[in-house]
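Below, read A as the first sequence line, B as the second, and so on, with proteins coming before strands; counting in each chain starts at 1.
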Amino acid sequence: MISLNDQYSVAILKTVFHSLERSISRAVSNYLQTNYAVDVPVTTEQPKQSSFGEMALPVAFQLAKQLKKAPVMIAKELAAGLSGQIEGVAAFEVANGYLNVRFDRGWFAREILTGNGFETQEFSIRKTIVEHTNINPNKAAHIGHLRNAILGDTFVRMMKAMGTRVETQNYIDNTGVQVADVVAAFHFVEKKTAAEVAELAKQPRFDYLCWDLYSKVAQMEEVKGWRTETLHSIESGEGALSEMGHVVADAIVDCHLNTMLRLGIQYDVLPRESEILHLKFWANCFELLKEQKAIYFENEGKNKGCWVMPGSAFRENAGEEDSKVIVRSNGTVTYVGKDIAYQLWKFGLLGKDFYYRKLRTYPNGSVCYVSTATREGAERVQFGGGTSVYNVIDSRQSYLQDVVVAGLKALGYPNQADKSIHFSYEMVALTPRTCVELGIELSEEDKTKTTVEMSGRKGLGVKADDLIDQLIERAQVEVDSRHADKSKESRTKVAEQIAVCSLRYFLLKFTRTSVIAFDLQEALSFEGETGPYVQYAAVRANNILRKVATLPDFKAVLPEEVLRTVLETEDLWQLLLDISRLESVLEAAVKSGEPAALAKYAFQLAQGFSKFYHDYRVLDEADEARRNVLLWMTMHFAKQLEKTLNTLGIAVPEYM
RNA sequence: GCACCCGUAGCUCAGGUGGAUAGAGCAUUUGCCUUCUAAGCAAAGGGUCACAGGUUCGAGUCCUGUCGGGUGCACCA
């Protein structure tokens with residue numbers, strides 16, 4: 001049995017495919033320079049049909065005009081000139097003006113097998129900061145929050161797999177109106193004391209209790225007055241309401257961390273708004289903004305008495321009315337103002353820092369820290385000061401993100417402004433069918449729509465833990481019926497792994513710009529393009545490997561000629577080619593910031609293997625050489641798919 | 001009113017830097033378990049890539065406009 005547990009290594013291995021791709025485009029480029037004296041970028045692409053070979057170069061089309069020759073002629077000359085010049089290339093062919101490349105299949109497979117031609121990539125010293133999750137600590141997390149956290153967490157894993165140093169932050173707004181509303185509900189409606197709330201907060205699903213309370217109080221007329229009083233207490237940091245605010249926020253943050261941990265999501269540090277206030281981060285930022293004249297004091301109009309940022313800073317054709325208030329006429333700072341200060345801190349530009357204490361140690365041993373306001377009891381750790389910052393925030397907040405970036409620019413930090421990336425994504429909405437299933441009453445207007453937006457205020461949404469529970473329950477039924485012989489403990493573990501996989505894949509398979517119309521039945525399915533389908537392929541591959549007492553020494557028993565002969569079979573060759581594309585796909589997915597690309601790749605790999613599994617009976621193969629190739633491919637597949645799944649935050653179960 | 005996103009099969013969605021016959025899953029119909037696990041495999045039907053112009057040897061992809069749908073434009077976060 002091979003070890004399938006290797007975590008991504010510090011340096012990444014580049015595939016043979018990658019290297020070959022580069023040596024081909026370099027050779028073509030050189031040839032064009034010496035023989036035609038032209039300098040054009042040589043791009044490669046994957047042919048639509050496998051019968052055209054492994055790689056296609058449309059370079060002849062680009063040159064047709066410049067050289068005043070027909071594309072077919074150019075391509076033919078290139079094919080003739082380059083023939084036999086590149087190691088690993090069996091032949092060049094010309095079709096429809098394309099220069100198509102056929103790999104030497106035996107060479108290619110042997111390179112993968114022996115690990116020749118692999119190169120290491122340098123490990124980055126610069127730090128990238130990714131901020132995600134950021135749920136208001138006043139109610140249970142819902143599936144919209146899950147999209148954020150899973151997207152962020154997966155992107156972090158992808159960058160780490162590429163060798164990037166990443167710090168994961170989860171910002172906690174523990175002093176805002178959302179928390180205040182729940183505190184007001186406890187105090188004014190439920191008539192609870194801080195001690196009583198602290199007692200309630202001990203129950204595991206305190207976040208559910210607050211979910212209901214919040215939607216109740218948010219719709220009450222009196223809430224405005226209560227909110228003001230509560231906010232005042234929270235901001236001053238004194239009084240029973242303030243104490244209750246801390247109790248509520250801390251308990252709910254704990255609930256959120258538990259929910260996220262169920263999905264394998266962890267954080268390095270939780271910077272909190274309360275510390276931003278108490279350590280007066282804003283004061284520094286305010287001085288900087290005034291010095292640089294990034295904001296001005298408004299003497300007239302609707303914003304009279306406020307410090308505002310001119311609309312022209314973040315918007316084209318902006319008028320006076322587009323100005324954004326940074327400091328209110330009563331002297332308090334807005335959310336955007338605080339966010340500019342926070343963003344400066346992330347880049348190490350604020351000249352101030354938090355103190356930290358341990359919040360929890362995760363089962364894998366890593367520690368999650370939380371900000372504190374005092375030096376006493378603080379740990380000697382350092383966070384922030386990144387060279388690029390990704391803020392995973394839904395697209396509805398792009399306007400505010402633009403203002404923050406404009407603030408950085410106005411302060412004289414154009415580089416940091418460029419490195420401030422709003423990793424935006426569209427929201428998760430519910431299908432009307434799902435609303436009906438959940439017993440949510442719809443207005444006449446909502447019934448006609450294709451999707452219904454979730455709302456914490458209205459208590460309208462699918463809670464994260466509820467969905468995870470349902471998925472586990474469903475997986476458990478399947479696992480129990482298939483593997484009655486296994487222990488209860490082991491079956492539960494497998495069911496959980498399947499549930500997590502199902503959920504993560506479901507939220508990852510959509511591209512970021514697509515609004516997810518959440519359909520409960522679709523999300524609960526384990527067939528077709530789902531996470532469990534992909535896991536199943538990995539499990540089947542491992543089953544084959546497990547049944548072999550000792551795997552042969554593939555390097556010894558599989559010379560190039562044997563590989564070449566067996567890989568003449570087209571579908572085997574295509575599968576091997578697909579398996580070897582992982583690093584290229586990962587690189588492109590990180591570059592475009594699209595985890596969905598990696599998820600889709602995992603699915604395609606699984607599809608390819610499922611077909612292979614059906615068409616070839618590896619263990620029954622009579623021809624020993626052929627059997628060894630099939631076994632090797634199975635092992636190679638299992639490794640590469642497991643690596644892909646790990647990067648997606650998905651585990652491969654022992655059995656399914 | 002202004003800004004951003006979306007419009008591809010009945011439904012839900014993929015389609016890097018323009019390239020060859022536009023792809024998956026679901027649903028529908030039909031085959032395949034005495035087999036390394038059927039959470040699987042195979043086959044069929046299903047398309048004016050919203051519409052109209054433009055750029056190009058070549059456009060689902062780039063540009064402009066129109067029409068639909070979503071979101072944002074607070075002294076809330």
Separation between CE (Met656(A)) and CD1 (Ile498(A)), nearest 0.5 Å, reads 4.0 Å
- When all nucleic acid strands are considered with a 4.0 Å heavy-atom cut-off, which category describes Val494(A): base, sugar-phosphate, or nothing? nothing
Taken to the nearest whole Å, CD/Gln476(A) to C1'/A39(B) is 15 Å
Closest of C41(B), G25(B), A77(B) to the Tyr533(A) side chain is C41(B)
In whole angstroms, the gap separating P of G16(B) from CD of Gln46(A) amounts to 12 Å
Margin query: Categorize Val618(A) for me: base, sugar-phosphate, or nothing, with a 4.0 angstrom heavy-atom threshold over every strand shown.
Written below: base
Partner of G31(B) under the Watson-Crick or G-U wobble criteria, both distances under 3.5 Å, comes out as C41(B)
The nucleotide from A42(B), A38(B), A77(B) with an atom nearest the side chain of Leu400(A) is A77(B)
task: Answer yes when Lys338(A) and Glu273(A) have at least one side-chain N-carboxylate O distance shorter than 4.0 Å, and no when they do not.
output: yes
Syn within 90° of 0, anti beyond: C33(B) is syn
When rounded to the nearest Å, what value does the distance between C1' atoms of U61(B) and G18(B) take? 6 Å
Select base, sugar-phosphate, or nothing to describe what Tyr399(A) touches, counting heavy atoms under 4.0 Å on all strands. sugar-phosphate
Whole-Å distance, Arg147(A) CZ to C13(B) C1', equals 12 Å
- Establish whether the base of C75(B) is bridged to the side chain of Ser329(A) by a donor-acceptor pair shorter than 3.5 Å. yes
Could you give the distance separating A14(B) and G7(B) at their P atoms, to the nearest angstrom?
8 Å
Sugar-phosphate, base or nothing in reach of Tyr536(A), heavy atoms under 4.0 Å: base
The Watson-Crick or G-U wobble partner of G60(B), with both key distances under 3.5 Å, is none
Give His422(A) one of three labels, base, sugar-phosphate or nothing, depending on what nucleic acid heavy atoms sit under 4.0 Å from its own. nothing
When both distances are under 3.5 Å in a Watson-Crick or G-U wobble arrangement, the nucleotide paired with A22(B) is none
note: Glu298(A), atom CD; C75(B), atom P; distance rounded to Å ~ 12 Å
Output for pair (Thr634(A) OG1, Phe609(A) CZ), nearest 0.5 Å, gives 5.0 Å
| query | Counting any heavy atom closer than 4.0 Å, what does Ala541(A) reach on the DNA or RNA strands: base, sugar-phosphate only, or nothing? | reply | nothing
request  = Using the P atom on both, measure C63(B) against U29(B) and round to a whole Å.
outcome  = 43 Å
*Going by modelled atom types, is there a donor-acceptor pair between the base of A20(B) and the side chain of Asn100(A) at under 3.5 Å?*
yes
Review point. Is it true that a side-chain atom of Asp394(A) and a backbone atom of Arg396(A) form a donor plus acceptor pair closer than 3.5 Å?
Key: yes
**Asked** Between the side chains of Ser424(A) and Arg512(A), is a donor N or O closer than 3.5 angstrom to an acceptor N or O?
**Response** no
With the side chain defined as heavy atoms from C-beta on, Arg482(A) is closest, among A39(B), U37(B), A14(B), to A39(B)
**Prompt:** Just checking Arg396(A): base, sugar-phosphate only, or nothing, at a heavy-atom cut-off of under 4.0 Å?
**Reply:** sugar-phosphate
Ranking U17(B), G70(B), A39(B) by distance to the side chain of Glu478(A), first place goes to A39(B)
Considering only heavy side-chain atoms of Thr511(A), the closest of A38(B), C75(B), G15(B) is G15(B)
**Prompt:** Using a cut-off of 4.0 Å on non-hydrogen atoms, how would the nucleic acid contact of Lys304(A) be classed: base, sugar-phosphate, or nothing?
**Reply:** base
Notebook entry, point to check: Expressed in whole Å, how much space separates the C1' atoms belonging to U21(B) and G15(B)?
Noted result: 16 Å
Atom P, compared across C51(B) and A59(B): separation rounded to whole Å
15 Å
query: Considering only heavy atoms and no angle criterion, is a donor-acceptor pair shorter than 3.5 Å present between the side chain of Gln49(A) and the base of U21(B)?
result: yes
Per atom distances to the Lys600(A) side chain, the nearest of U37(B), C13(B), A77(B) is C13(B)
Contact class for Asn543(A) vs. all strands (heavy atom < 4.0 Å): base, sugar-phosphate, or nothing? base
Rounded to whole Å, CD of Gln397(A) lies from P of U71(B) at a distance of 15 Å
When rounded to whole Å, the CD1 to C1' distance for the pair Ile516(A) and A14(B) reads 14 Å
key: Inter-nucleotide P distance (G45(B), C33(B)), Å rounded   = 24 Å
Self-check item: Asn148(A) side chain vs Val392(A) backbone, donor-acceptor pair below 3.5 Å
Solution: yes
Check your understanding: So does Glu654(A) pair up with Lys486(A), basic N to acidic O under 4.0 Å?
Key -> no
Against the side chain of Ile544(A), the closest entry in C36(B), G25(B), C13(B) is C36(B)
Original post:
Counting any heavy atom closer than 4.0 Å, what does Gln178(A) reach on the DNA or RNA strands: base, sugar-phosphate only, or nothing?
Top reply: nothing
Walking RNA chain B from its 5' end, the first of Phe510(A) and Thr44(A) to be reached, judged by nearest nucleotide, is Phe510(A)
Pairing partner of G7(B), by Watson-Crick or G-U wobble and under 3.5 Å for both distances, is C67(B)
If only atom types and distance count, is the side chain of Arg457(A) paired as donor or acceptor with the main-chain N or O of Tyr214(A) below 3.5 Å? no
Closest of A20(B), U17(B), G40(B) to the Ala56(A) side chain is A20(B)
At 4.0 Å (heavy atoms only), tell me whether Val308(A) reaches a base, stays on the sugar-phosphate, or touches nothing.
nothing
Answer with base, sugar-phosphate or nothing: what part of the nucleic acid does Ser395(A) contact at a heavy-atom distance below 4.0 Å? nothing
Against the side chain of Lys48(A), the closest entry in G60(B), U17(B), A39(B) is G60(B)
- Message: Rounding to an integer number of angstrom, what distance separates G46(B) and G53(B) when you compare their C1' atoms?
- Response: 30 Å
The Watson-Crick or G-U wobble partner of U48(B), with both key distances under 3.5 Å, is none
Among U71(B), C75(B), G25(B), the one nearest any side-chain atom of Val325(A) is C75(B)
Euclidean distance for P, C5(B) against G65(B) (whole angstrom): 14 Å
May I ask you to decide if Leu520(A)'s main-chain N or O and Thr434(A)'s side chain share a donor-acceptor pair within less than 3.5 Å?
yes
From CD1 of Ile498(A) across to C1' of A39(B) the rounded distance in Å is 8 Å
List the steps and the verdict of ring pair (Phe, Tyr, Trp, His ring centres under 6.0 Å) for Phe281(A) and Tyr342(A). CA-CA 8 Å; Phe281(A) 273 31; Tyr342(A) 178 38; 8.3 Å; no
Between CH2 of Trp632(A) and P of C36(B) the distance, given in whole Å, is 25 Å
Check your understanding: Does Gln607(A) make a side-chain N or O approach to OP1 or OP2 of G25(B) shorter than 4.0 Å?
Key -> yes
Across every strand shown, the nucleotide meeting Watson-Crick or G-U wobble geometry with C75(B) (both distances under 3.5 Å) is none
